[in-house]
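Beneath this line is the structure, given in structure tokens, with notes to follow.
Basis for what follows: all heavy atoms, side chains included, without hydrogens, waters or symmetry-related copies. For clarity, every value in this text was computed on a predicted model and none was experimentally measured.
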Amino acid sequence: HVRALAERHRRTPSQVLHRWLLQLGAVVIPRSRRRERIVENSRLFDFVLPDSDMRLLNGLASLVKSTPTRRSPSWCEDVYGLGAWSAAAAA
């Protein structure tokens, strides 16, 4: 999914993920020793991810971190209905 978003926006997966974090209000401090990566990392402010892409990435984050009994991260919207999954697992 991240690669598909990157291709659609003509960016690298790293740029998409860094931009996602910026739009969430996180502080992003990318680092690299390679000049081309430093230039790439500086190109985070000339594009915006639409709400649909933000929801997709939020959903991926919740799928990676959630367990049958706990939805995580708690700030993430329940895009894939994991709350119902958790309730069913607890029953």
Side-chain angles (χ1 to χ4, degrees):
H1 295 295
V2 176
R3 286 183 182 163
L5 289 176
E7 288 176 15
R8 187 174 12 182
H9 292 284
R10 295 188 174 108
R11 303 294 171 156
T12 65
S14 176
Q15 287 174 308
V16 168
L17 291 174
H18 283 117
R19 183 64 206 185
W20 169 63
L21 290 169
L22 284 171
Q23 285 182 226
L24 288 174
V27 175
V28 176
I29 306 173
R31 64 183 203 123
S32 180
R33 292 181 182 188
R34 296 182 11 221
R35 180 173 174 70
E36 63 273 7
R37 290 291 299 223
I38 293 169
V39 170
E40 174 187 303
N41 288 336
S42 71
R43 294 188 57 227
L44 300 176
F45 301 99
D46 58 350
F47 75 105
V48 175
L49 297 172
D51 288 342
S52 59
D53 291 347
M54 292 295 292
R55 289 187 75 220
L56 176 73
L57 293 169
N58 287 344
L60 289 174
S62 67
L63 285 175
V64 169
K65 296 296 244 173
S66 295
T67 66
T69 58
R70 185 175 66 91
R71 190 172 60 82
S72 180
S74 59
W75 52 262
C76 221
E77 178 186 358
D78 191 7
V79 176
Y80 297 113
L82 296 176
W85 177 54
S86 297

(message) For Ala6, give me all partners under side-chain contact (heavy atoms from CB on, under 4.5 Å), at least two apart in sequence or on another chain.
(response) Pro13, Val16
(request) List for me each residue that meets side-chain contact (heavy atoms from CB on, under 4.5 Å) alongside Arg8, sequence neighbours excluded, and say none if there are none. (result) Leu5, Asp53
Would you please name every residue forming a side-chain hydrogen bond (donor to acceptor under 3.5 Å, both in side chains) with [X], sequence neighbours left out?
{"X": "Ser32", "result": "none"}
{"X": "Arg31", "result": "none"}
{"X": "Gln23", "result": "Arg19"}

(message) Could you list the cluster mates of Ile29? Members are the ILVMFWY residues connected by side-chain heavy atoms closer than 4.5 Å, either directly or through other members.
(response) Val27
(message) In this structure, would Val28 and Leu17 fall into the same cluster of hydrophobic residues linked by side-chain contacts under 4.5 Å?
(response) yes
(request) Return the set of residues passing salt bridge (Lys or Arg N to Asp or Glu O under 4.0 Å) with Arg33 (not counting sequence neighbours), or none when no residue passes. (result) none
(message) Let me confirm one number: the CG-CG distance from Leu57 to Leu24, rounded to the nearest 0.5 Å.
(response) 8.5 Å
Below 3.5 Å, can you tabulate the donor-acceptor pairs from side chains in residues 38-46 to any protein atom, sequence neighbours excluded?
from, atom 1, to, atom 2, distance (Å)
Glu40, OE2, Thr12, OG1, 3.1
Asn41, ND2, Arg37, O, 3.2
Ser42, OG, Val39, O, 2.6
Asp46, OD1, Arg11, NH1, 3.1
Asp46, OD1, Arg11, NH2, 3.2

(message) Counting C-beta onward and ignoring hydrogens, is there a side-chain heavy-atom pair between Pro30 and Gln15 closer than 4.5 Å?
(response) no
